[in-house]
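Values below: every heavy atom of this structure, side chains too, minus hydrogens, waters and symmetry copies. Chain letters run A, B, ... following the sequence lines, proteins first and then strands; every chain starts at 1.
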Amino acid sequence: MQYNFNEIEAKWQKYWAKNQTFKAGNNSDKEKFYVLDMFPYPSGAGLHVGHPLGYIASDIYARYKRHKGFNVLHPMGYDSFGLPAEQYAIQTGQHPAITTETNIKRYREQLDKIGFSFDWSREVRTSNPKYYKWTQWVFIQLFNSWYNKDTDKAEDIETLIALFEKEGNAKVNAVCDDDIVEFSAADWKGFSNSEQQGILLQYRLTYLAETEVNWCPALGTVLANDEIVNGVSERGGHPVVRKKMTQWSMRITAYAQRLLDGLDKIDWPQPLKDSQTNWIGRSEGALVTFKTMVSDTVGKSYPIEVFTTRPDTIFGVSFMTLAPEHDLVPKITTPEQKAEVNAYIEATAKRSERDRMADVKTISGAFTGAYAEHPFTKEPIPVWIGDYVLAGYGTGAVMSVPCGDQRDYDFAKHFNIPIPNIFEGVDISEEAFSDKGSTIIANSDFLNGLPYKKAVKRIIFELEKMGQGEGKINYRLRDAVFSRQRYWGEPFPVYYVDGLPQMIDAEYLPITLPEVEKYLPTETGEPPLGNATVWAWDRLKAEVVKNELIDNVNVFPLELNTMPGWAGSSQYFNRYMDPGNDAAIFSQDAINYWQDVDLYIGGSEHATGHLLYSRFWQKFMFDKGYVPKDEFAKKLINQGMITGTSAFINKVVINWDHVMLDTVGSGKYSIEDQKYFLEKIIPIINGKVFVSEDMRDEEDLSSIIYNILEDEKLDINNPFLKECRFSYLKTHVDVTYVNNSDELDVEKVQNFRSDFKDAKYVYNGEFKVSREVEKMSKSKYNVVSPDEICEEYGADSLRLYEMFLGPLEQSKPWNTAGISGTHGFLKKLWRLYFDEKGAKFNDVEPTKDNLKTLHKTIKKVEEDIENFSFNTSVSTFMICVNELSSQKCTSKKILEPLAILVSPYAPHIAEELWEQLGHSESIATAPFPIYDESHLVESSKQYPISFNGKMRFMLELPLDLDKEGIEAAVMAHEKTQKQLEGRTPKKVIVVPGKIVNIVG
RNA sequence: GCUCGAGUGGUGGAAUUGGUAGACACGUUGGACUUAAAAUCCAAUGGACAUUAGUCCGUAUGGGUUCAAGUCCCAUCUCGAGUACCA
């Protein structure tokens, strides 16, 4: 009987689908286990071998847990809103839903072929209205909530309204906008409805705010920082300006501290935790208020708030710097400085944020003419603006202490501002001194003689006493912009009355994406939904109606923005628990049973996006009592990237520019020679000759070329030719035309691209290519699709091979050559059960060796799976099968448990073996074999005997021998005496069960 | 610049946490079977020296700790990832 993997795999994939083998129930006496993969964006290119790496690992773990008796939830779905489908729609007019559907189909086919144990009955798609109904629902919950710092959690907005009605907002301790105006209970009651709405918006967890964006007028769209190169758009090179836009934001900053603290509770990779920690960017310091001085031209004093981590250096302040966008700038600038300041502001507005950040060396700024008063010395301090101060961080203003901060120092040097020294015994003539731990403060009044920590305490105390400052913790994390000017995303359940946003009642969800004729922004610069003609909300009928019916009485305009990519992925893991539920995002029964994700596998690129936002939403859902856990995933693993092995061929290029220059007007060569060269020789040679890699070093390139020219019966004495320089240019060829021995299929490659067709291929025997490891990408022609491998070797071989490549978390190159190893293993495994005549297995009792091999394998494989060390367990299987083969084992008592051991890794062959062994049920829930230590007990050990740390020979000794016994046995051995050559050892180290080392 | 991670044969990678470096594969070489090929099986395979016995050198580099270091410590180099005027 042959191992016919194609037949076997198709058979079992069909069986699993038909019998719903992996469908997980929400009710079970079994313990739950939730294994989750980051769901993919279904791109048009389909899967390449890098994608399934994490899926295979999680699938092994899920299958293993089923064998271990768990009720396993292992779902899959699609993050199906996104830009590529929209871009394709813009180019072709094809509706993104159609593109998405096609791509999902292809993904599904590819995934099915690899034999994953997903519970497909739970599939979700973020672009499905039945799914995004609940994304909209969460948005409404956020809108109806505020963050109470006293209880340190999100609460219903009603509790805030109750507070306002009772006592106004003075005592409310909330996370809210900065520009809150104080009011009393009586004031509140006197406010109009829209005034009240406006105030509440300043407290809601999702709110409308003016946000600075990179606006590209020509494209009519907002660009991300990385879409801008040198201040112009990457596509088209149009100018980009920073512009304020009203957009939805999420008050994630309310959760900054809890997001930080939560990291201690979860088993996630350290680098990932580090990058979230950095991203949140907590820093402790003080908020200090400086007051501007009243002058002849500016008749009023304004407070300037600054945040500083070094309040102890306050006596070193010699100027202040505001961000150019700072609100106070126009108010405090003196008439004489107005022109200069305005010119500066205009110049900086043109630079994108990224440019500003990338260009650290150029120092620029302008003096406002205003002075602030030092809170202690009462000295005047000049107020500058400079773009090294970012509007979005802290208060957008800094107290500049040039002696203690390098940027302040450079700025002061550049503009000739004094640099007072407040550090005892420190030289600041060359650079600022920013080491806070190792100095004593001087020239600072009451802080003199104090070290950093004490000085900070003292100064905060003094500032608080005079009401000009307080200790403060600041976070780098900013509120997340939640609006996108795109079509292919979730619509907001929002309409506008008098410019104020209103939520549509949850019972009318989903608000489905309207049809539009064009997927581009409108001519007036509105988002694509501005093209929709049926996009207004009728409050009476509670439905979406035609725009022309808008009367702002009962029918109102709907929001034109859509939600960002991360909206749909921030609660999908919970939705999987009860995906068909139309009455709730998930039932409480379902969430209470499944609780949270036990194992989450995905790429590290989501560290500060998806993984941070999801934690934020989860904490919010927790506060509101919808979920029982405030962290959604207990353990997370980042799988490494699979790189591709690109193939290159040596293309011959001729460099003749220098010859041409030489000839212009020199009369050195005849026109005929030149013509002959350009018309006859160049077209034959330049870019038209490919040389095998093995000849590259061995053969002289010019003789290769001369040979070709002779074959073509061309004149090799052309004087131009003589002067030419020839060189090789490495050119990508598609890896599918190259075999495992780096040999190119020349015939096939000629049809690859037109310029390869009539080219000449120079080689001896086989055409060799060179190889290089690069990122797997279509443009590098090194993409390997799993389909062909499944076809040629089978899914089980692919699964084993992907795991065999190396540790899961490490990035590693793909090289198809090695797959014959795991494929060979499967064939060998098969031959353990079958030969040409059929089944070999029988009921004989296993031998001692058989049992030893089996149980050592059980032990190792179990340990490996628990440690996510899948590569080593594949080796273990190989060793096991090698041993059982040479033992000629045929005992069912060995071969049955072996099939279960292999099953998580190579499920198709395992199912087939299981059935052939006489079972009628799927192997999927067969209990995992139990390791029995007694089979591994040894009575003796091969001791390595070392001399001065170098192993010289092995000696078999009983394991129950004690130290003295071992030493005596070793010393008595003839090889020991030979090594010692009569010397007496200084010392003999004996570690029973491990090693013997003789010193001397 | 800062933070984190990694450097082991021709290649992917093992190494029980300080105790036989190179498991298991790929590749290469030789052999068996075959008319032949495929498939399969057997043997060799870190380097140098040596007829054998064996010796020496070897885990990026240089030091150190130890009876013993791929593993621990210090310094340096290289590569990769993330992040970047964060006051």
NZ/NE/NH1/NH2 to OD/OE distance under 4.0 Å, A/Glu938 and A/Lys852:
yes

Could you state the atom-to-atom distance from CG of A/Leu800 to P of B/C24 in whole Å?
17 Å

A/Trp279 side chain, from C-beta outward: closest of B/U83, B/C4, B/U20:
B/U83

B/A68, B/C57, B/G12: which one has an atom nearest the side-chain heavy atoms of A/Pro813?
B/G12

Quick one: is B/U40 close enough that its OP1 or OP2 comes under 4.0 Å of any side-chain N or O from A/Lys827?
yes

Atom-pair distance (CE on A/Met951; P on B/G58), nearest Å
17 Å

A/Gln270 atom CD, over 12 foreign heavy atoms within 6.0 Å
yes

Any idea which of B/A25, B/C67, B/C86 is nearest the A/Tyr393 side chain?
B/C86

Would you indicate, yes or no, if B/A14 has its OP1 or OP2 atom less than 4.0 angstrom from a side-chain nitrogen or oxygen of A/Asn871?
yes

Roughly, in whole Å, what's the span from CZ in A/Phe834 to P in B/U40?
18 Å

Does the side chain of A/Thr253 come under 3.5 Å of the side chain of A/Tyr475 through a donor N or O and an acceptor N or O?
no

How do A/Asp408 and A/Asn948 order along RNA chain B: which one's closest nucleotide is nearer the 5' end?
A/Asn948

For A/Phe947 and B/G19, give me the distance from atom CZ to atom C1', rounded to whole Å.
15 Å

If I take atom CD1 in residue A/Ile642 and atom P in nucleotide B/U11, what distance separates them, rounded to the nearest angstrom?
19 Å

Would you tell me if any nitrogen or oxygen in the side chain of A/Lys828 comes within less than 4.0 Å of OP1 or OP2 on B/C24?
no

For the pair made of CG in A/Leu805 and C1' in B/G12, what is the distance, rounded to whole Å?
7 Å

Assuming nearest nucleotide by heavy-atom distance, tell me which of A/Asp405 and A/Gly821 is located more 5' along RNA chain B.
A/Gly821

Taking 4.0 Å as the cut-off, does a side-chain nitrogen or oxygen of A/Arg478 come that near to OP1 or OP2 on B/C86?
no

Closest to side chain of A/Pro807, choosing from B/U55, B/G13, B/G12
B/G13

Whether A/Ser275 contacts B/U3 is assessed here as follows: a side-chain N or O lying under 4.0 Å from the phosphate OP1 or OP2. Is that the case?
no

Rounded to the nearest 0.5 Å, the CZ atom of A/Arg310 sits from the CD1 atom of A/Ile441 at a distance of 6.0 Å

Pick the C1' atom in B/G10 and in B/G47, then give their distance to the nearest Å.
13 Å

Whether A/Asn882 contacts B/A25 is assessed here as follows: a side-chain N or O lying under 4.0 Å from the phosphate OP1 or OP2. Is that the case?
yes

Atom NZ of residue position A/Lys273 - does it have more than 12 heavy atoms of other residues, nucleotides or ligands inside 6.0 Å?
yes

Would you say A/Arg407 places a side-chain N or O within less than 4.0 Å of OP1 or OP2 belonging to B/G1?
no

Taking atom CD of A/Glu956 as the centre, report whether more than 12 heavy atoms of other residues, nucleotides or ligands fall under 6.0 Å from it.
yes

Please determine whether a side-chain nitrogen or oxygen atom of A/Gln810 lies at a distance below 4.0 Å from atom OP1 or OP2 of B/A6.
no

Give me the ring orientation class for A/Phe877 and A/Phe825: parallel if the planes are under 30° apart, tilted from 30 to 60°, perpendicular past 60°.
parallel

Using a heavy-atom cut-off of under 4.0 Å over every strand shown, decide if A/Arg282 touches base, sugar-phosphate, or nothing.
nothing

At less than 4.0 Å, is any side-chain N or O atom of A/Arg476 found next to OP1 or OP2 of B/U83? Yes or no.
no

Let me check something: any side-chain donor-acceptor pairs from residues 281-288 of chain A under 3.5 Å, sequence neighbours excluded? List them with distances.
unit_1: A/Arg282; atom_1: NH1; unit_2: A/Gln257; atom_2: OE1; d: 2.6
unit_1: A/Arg282; atom_1: NH2; unit_2: A/Glu284; atom_2: OE2; d: 2.8
unit_1: A/Ser283; atom_1: OG; unit_2: A/Tyr393; atom_2: OH; d: 3.2

Only Watson-Crick and G-U wobble pairs with both distances less than 3.5 Å should count. Give RNA chain B in dot-bracket notation, marking inter-strand partners with |.
(((((((..(((......[....)))((((((.......))))))((((....))))..(((((..]....))))))))))))....

Within less than 4.0 Å of OP1 or OP2 of B/G12, is there a side-chain N or O belonging to A/Lys812?
no

Which of parallel (below 30°), tilted (30 to 60°) and perpendicular (above 60°) describes A/Phe953 and A/Phe947?
tilted

From CG of A/Asn867 over to C1' of B/U17, roughly how many Å is that when rounded to an integer?
12 Å

